[in-house]
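Hydrogens, waters and symmetry mates are skipped; everything else that's a heavy atom, side chains included, is used. First listed ligand is number 1; within each ligand, the first listed atom is number 1.
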Amino acid sequence: MRISVIGLGYLGAVHAASMAKLGHDVVGVDVDAAKVDALAAGTPPFYEPGLGELLTEVSATGRLQVTTDLSAVRGAQVHFVCVGTPQRADGYAADLTYVDAAIQNLTAHLSAGEIVVGKSTVPVGTAERLAEVVRRAVPGAHLAWNPEFLREGFAVQDTLSPDRIVYGVPGGEAAVTVTAALDAVYEAPLSTGIPRIVSDLPTAELVKVAANSFLATKISFINAMAELCEVAGADVTQLADAIGHDARIGRRFLNAGLGFGGGCLPKDIRAFMARADELGAGEAVAFLGEVDAINIRRRVRMVELAREVLDGSITGKRVTVLGASFKPDSDDVRDSPALDVAARLSELGAVVTVHDPQAIDNARAKQPRLHYERDLEAALAGADAVLLLTEWRQYRDLDPERVGTLVAQRTILDGRNALSRTAWTDAGWQYRALGRR
Ligand code: NAD
């Protein structure tokens with residue numbers, strides 16, 4: 001099929017390349033010329049494992065074109081809209097400027113029979129409104145919503161082999177046309193038995209925010225237990241192991257630590273609260289305000305813990321922060337808990353050095369006043385305290401003996417409960433972690 005992908009960020013670039021890999025002819029469009037140039041040269045514009053190899057593979061086939069010229073989408077049967085929906089500057093609601101503009105501009109190049117498919121995460125009700133925009137501009141064209149569940153760090157695998165595919169389709173006869181078109185797009189993954197759920201538009205929009213709200217709640221639940229463990233002298237990692245054996249609870253996403261961040265969970269739960277309020281159902285998701293508050297409190301607690309181990313005074317102390325991205329295997333620093341803690345410590349007078357395997361350029365753009373070090377051993381040299389805030393594999397594999405020869409004080413704060421406490425204490429380190437004695 002001929003497919004267009006509008007918006008080539010963390011979602012769209014991977015989606016475009018994956019659609020080409022599935023055998024479709026893809027044209028990707030972004031307003032950011034630098035991103036388009038990188039992709040045209042077969043280079044990922046951000047760090048995502050496997051994306052470089054995928055781009056090399058599909059570039060050789062000639063099935064992926066990228067451009068800043070929106071008119072290049074003409075003739076595509078399906079147009080995926082993957083632009084950003086960040087939090088608005090003036091409140092919790094989602095900023096729909098980009099989605100509205102992308103779809104409005106697209107209508108100038110659309111023909112009857114073509115299908116616009118939203119993948120961006122939007123407040124419930126947006127798709128119905130945009131379906132009307134499309135219908136009015138181009139009678140015979142349709143709009144569907146196909147929410148995306150990929151995880152950064154696993155984006156290629158999640159796109160090529162998702163755990164489910166959800167289509168929100170319009171009512172009436174259009175439902176059949178749209179479902180058939182999306183079935184053709186996803187023929188290869190569907191043939192492997194991946195579940196497909198076909199719903200109306202509002203259900204599809206809600207599936208995405210409900211999933212993210214559940215995940216955020218699970219993380220904040222265990223972090224709330226960590227708060228309790230801290231005051232009761234208990235151990236949250238043992239608690240998580242013990243409750244996680246109950247299949248109804250499950251152990252995944254129960255790792256206590258510095259909490260969630262990134263370009264999705266925080267803004268999605270806030271936008272959900274804002275939209276629920278507009279719909280008069282704010283009470284139903286008011287608990288998400290607590291989920292958000294628990295999450296932010298972990299960052300505050302991390303700074304307090306640093307102060308405790310630095311003998312009550314942060315000013316002038318040398319602190320090495322390991323990790324700047326919001327999660328390992330990504331260079332995304334949007335609402336990164338690690339970078340937030342680094343900035344808070346710096347504001348309190350610490351001499352902070354930040355290391356990250358991939359995210360230093362993005363982190364520097366966001367927090368230019370912090371000191372960054374690309375060499376891990378140089379970053380650790382002379383530290384009064386080391387804070388592991390993003391659990392990259394290379395930090396989990398650190399040798400406490402070797403690191404001990406580099407630092408000024410053998411003090412480590414494990415913000416992700418990712419290290420072996422025994423290994424570090426045996427090597428003479430003061431080891432502290434969130435939710436543990
Ligand atoms: P992003 O900021 O990385 O990418 C958005 C891209 O859209 C940018 O490259 C931007 O230049 C481009 N853009 C903006 N306006 C445009 C226009 N009019 N025409 C063409 N391009 C335009 O954001 P992202 O992380 O890829 O997220 C995109 C959407 O997908 C959001 O709604 C997000 O919530 C959702 N989502 C993201 C993920 C994820 O892991 N990143 C997962 C699931 C869903």
Side-chain angles (χ1 to χ4, degrees), residues 4-18 27-39 44-49 51 66-73 79-88 93-109 116-124 126-127 130 145-159 162-166 204-205 207-213 215-216 260-272 325-327 329-336 362 365-366:
S4 86
V5 177
I6 296 150
L8 300 172
Y10 286 93
L11 163 57
V14 177
H15 190 69
S18 300
V27 58
V29 184
D30 202 291
V31 290
D32 181 340
K35 221 169 248 186
V36 167
D37 288 347
L39 286 164
F46 49 85
Y47 178 74
E48 178 60 44
L51 181 58
V66 285
T67 174
T68 53
D69 177 10
L70 186 60
S71 69
V73 307
H79 305 270
F80 285 104
V81 176
C82 302
V83 300
T85 49
Q87 185 177 333
R88 283 173 60 121
D95 180 353
L96 295 176
T97 326
Y98 306 99
V99 171
D100 286 346
I103 291 185
Q104 189 62 54
N105 297 342
L106 176 61
T107 56
H109 307 286
V116 179
V117 181
K119 286 196 83 63
S120 304
T121 304
V122 292
V124 61
T126 307
L130 291 171
W145 219 265
N146 170 218
E148 177 57 55
F149 304 99
L150 70 81
R151 299 160 298 165
E152 286 174 28
F154 302 91
V156 172
Q157 171 193 327
D158 286 351
T159 305
D163 46 20
R164 79 289 211 190
I165 300 177
V166 177
E205 291 166 308
V207 165
K208 175 64 191 172
V209 282
N212 275 359
S213 297
L215 295 172
F260 58 82
C264 290
L265 255 48
K267 62 109 173 146
D268 286 352
I269 62 170
R270 292 175 196 152
F272 197 14
S325 57
F326 85 99
K327 67 184 290 194
D329 298 315
S330 173
D331 66 357
D332 192 347
V333 299
R334 289 177 288 183
D335 204 346
S336 164
N362 286 344
K366 199 153 205 174

Report task. Run the numbers for me: atoms of ligand 1, each under 4.0 Å from some heavy atom of I6, listed by number. Result -> 19 (N), 20 (C)

Query raised in the report: Which of the atoms in ligand 1, numbered in the order shown and given with their element, are less than 4.0 Å from a heavy-atom of E152?
Result: 39 (C), 40 (O), 41 (N)

Report summary line: Nearest non-hydrogen protein atom to atom 6 (C) of ligand 1, with distance, is D30 OD2, 3.7 Å

Report summary line: atom 43 (C) of ligand 1: closest protein heavy atom, distance to 0.1 Å, is E148 O, 3.3 Å

Report task. Write out the residue and atom name of the closest protein heavy atom to atom 44 (C) of ligand 1, then the distance separating them to 0.1 Å. Result -> T121 OG1, 3.6 Å

Report task. Taking Q87 for its side chain and A271 for its backbone only, find out whether a donor-acceptor pair lies under 3.5 Å. Result -> no

Query raised in the report: Regarding R164 and the six-membered ring of F149, is the cationic atom NZ or CZ under 6.0 Å from the ring centre and inside 45° of its axis?
Result: yes

Requested in this report: Specify the protein heavy atom at minimum distance from atom 30 (O) of ligand 1: its residue, its atom name, and the distance to 0.1 Å.
Outcome: L11 CD2, 2.9 Å

Report summary line: Taking only non-hydrogen atoms of K35 and a 4.0 Å limit, the atoms of ligand 1 in range are 8 (C), 9 (O)

Query raised in the report: So, W145 side chain and T121 main chain: donor-acceptor pair closer than 3.5 Å or not?
Result: no

Requested in this report: Starting from atom 42 (C) of ligand 1, locate the nearest protein heavy atom and write down its residue, its atom name and how far away it is, to 0.1 Å.
Outcome: L150 O, 3.6 Å

Query - C82 to ligand 1, any heavy atom closer than 4.0 Å - result: yes

Report task. Pick one of side chain, backbone, both or neither for how A101 approaches ligand 1, counting any non-hydrogen atom pair under 4.0 Å. Result -> neither

Query - Pick from D332, V83, V29, V36: the one approaching atom 29 (C) of ligand 1 most closely through a non-hydrogen atom - result: V83

Requested in this report: Answer yes when E48 and R151 have at least one side-chain N-carboxylate O distance shorter than 4.0 Å, and no when they do not.
Outcome: no

Query raised in the report: Nearest protein heavy-atom contact for atom 23 (O) of ligand 1: which residue, which atom, what distance?
Result: R334 NH1, 3.4 Å

Query - Atom indices of ligand 1 within 4.0 angstrom of K208 heavy atoms, with elements - result: 43 (C)

Query raised in the report: How far is atom 34 (O) of ligand 1 from its nearest protein heavy atom, and which residue and atom name does that atom have?
Result: K267 NZ, 2.5 Å

Report summary line: atom 37 (C) of ligand 1 has as its nearest protein heavy atom C264 SG, 3.5 Å

